Amino acid sequence: MSIIEVNNLSKQFSYYKKELGLKSSIKSLFHRELLYKQAVKDVSFTVEEGEIVGFLGPNGAGKTTTLKMLSGIIYPTGGSASVLGFKPWERKKNFKQQFAIVMGQKNQLWWDLPANESLQLNKCIYEVSDHDFAMTIGELTELLDVKDLLKVQVRKLSLGERMKMELIAALLHKPKVIFLDEPTIGLDILSQKNIRAFFKYYNQQNKVTIVLTSHYMNDIIDLCKRTIVINEGSVVYDDDLANINAMLEEKKIATVTLLNSVNKDDLLRYGKIKEHGELEFTLEMNKENSQQIIKSMLENLPIADFTLEDISIEEGIAALYQTR
Amino acid sequence: MRKYTKAFTLGLQNALEYRMNFLLILISCIFPILIQYFLWTTIFVSKGDSEVLGYNFNQIIVYTICAALLSKLVATGFEYEVSNDVKNGQLSKFLVQPIGYFQYRISSFLGEKTPQIIVVMLILFIILTSLSLFIHMETEITLARMLMFFLVVPISILLNFFISYCLSTLSFWLLEVWGIYHTFGLLSSIASGGIFPLDMFGATINRILDFLPFKYIVFFPINVINGKLPWDGIMSGVLMQFTWIFVLFLLSKLLWYKGMQRFESVGG
């Protein structure tokens, strides 16, 4: 059995509509229009033990909502899910002992106390033995290079340092499944890199299963072999990220610099113009006959410079975001 | 279990940290007590009787002092924290960790109350013994009643905890609960006898209040110590306290279950 199984999971939120202004405020005292938003609809996927799966999607796509359902914070309105063999929203103690969720935008540490105290509290909550506690703290602080910061009030830590402390707090009980919701948000490139390296190492060492959401493409490319792209609540892609272009139509991008300007119609014969300046053009063309097109371009156009490349992963994903 | 002793200690530390706050709250009791003192003086003078509604002047002053202090002692306040947790999504922290929110709340509440119980009991003990030395009271405050009082007050505190815990679930349905908490606090302080002795409201209302939990929070413990209640009345009162605690416990379970299904864990 897979460690995470999700079948047709759905979540619908209800909210009230309110028009702008005082008049409608008064009106809404008597009558409010109830609206529904389908945040997640019929999402299905499975994750095997030890996998790192990336969860990509534009803002409001339903990534966090899905993670919240998988960690039992909210109830779904339809479908089913099992994590480690548990129904997350039943919130069994046994389940809670085996997973962790880290949200980059929310801190779980006590703001006014040194990280030490929060860790100590988590130790009690998760019933970690003194020996294991000392071991884990020693190892993780070493790995993340925050040994000296344990006694510093959390509010005095920098964003990156705080994130590292959050991670330690979340990993204290050696979870088997970890949900990471934008763990590198707002961090500088170096800190992002550190945290990525840490997870790579941690995953290899402990065979933990990680589901990760992020807007930083590097996070996903570096860590995840498999990526699930979700848009407007539905899964639109579920595969190795390198194959993303295979799913889109096979296209190549040619960037051309000309010696002197030519008629636009002359260019349109070769492919779709994506961007154009005075002398610079970006053309999208089919992969199949790209060789012939280039040949004829080089013969017929006054070309100064020329590059040909695949559609980048970023653009592939952007294209996925736009599909409805 | 250790996690809850930890929560208890955290509540205790909190109370010790903010000891000045609690002392000032106690000191601020003096003003309503003074107002009531003058009020009752005028009433007794203008009526010319030595008794009003079954209380002589000394008794009513003792009642006022006890009620003021006791109200502060049983007061909760965590309901604001609960709504904050619900409103800002902080509750999710408790949902993913193997710690019961209810157990956490009650442990930290009891931890917070423990030093306060000791302080208020001490103050009451000193006030009551010194008053009984200097002024004449119709009914004597016996040692047995004093002990019974010390047993009953913690139950009252527990009872008030459950009322507030049930009330706090309103946050799942309403975003802003401040006004409701405030209004409820006012009504419950009147209905519990925290301002006037409940005998004032007449027989009919008292019969209703007998079946509500409120009077068992303040009025009942005071009647234990001032000797107005016979021993069998005390026993049935304690029984009533436990019955209400049980009922409210079940109610809170139901309300939290219902509320949790509405929890949206906003923000992030």
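Since this is a predicted model, take the numbers as computed values, not measurements. The chains referred to below are lettered A, B, ... by the order of the sequence lines, with proteins before strands, and numbering in each begins at 1.
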For this session: Measure L91(B) against the heavy atoms of chain A and call it side chain, backbone, both or neither at under 4.5 Å.
Result: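 Neither part, no heavy atoms under 4.5 Å.
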For this session: Check each atom of F94(B) against the heavy atoms of chain A and say whether the ones under 4.5 Å are side chain, backbone, both or neither.
Result: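 Backbone only.
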Region of [X] in contact with chain B, defined by heavy-atom distances below 4.5 Å:
X: I101(A); answer: side chain
X: E127(A); answer: side chain
X: N122(A); answer: side chain
X: K123(A); answer: side chain

Exercise. Within the distance-only criterion (no hydrogens, no angle test), does the side chain of K96(A) pair as donor or acceptor with the backbone N or O of Q97(B) below 3.5 angstrom?
Worked result: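 Checking the backbone N and O of Q97(B) against the side chain of K96(A), a donor-acceptor pair under 3.5 Å is found.
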Does atom [atom1] ([X]) have a neighbourhood of more than 12 heavy atoms from anything else shown, all under 6.0 Å?
X: E90(A); atom1: CD; answer: yes
X: Y18(B); atom1: OH; answer: no
X: M200(B); atom1: CE; answer: yes

Atom pair [atom1]/[atom2] of [X] and [Y] - distance to nearest 0.5 Å:
X: L95(B); Y: K68(A); atom1: CG; atom2: NZ; answer: 11.0 Å
X: K3(B); Y: Y126(A); atom1: NZ; atom2: OH; answer: 9.0 Å
X: M260(B); Y: I73(A); atom1: CE; atom2: CD1; answer: 10.5 Å

Exercise. Which one, F95(A), W89(A), F13(A), leads in non-hydrogen pairs under 4.5 Å with chain B?
Worked result: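 Winner by heavy-atom pair count: F13(A).
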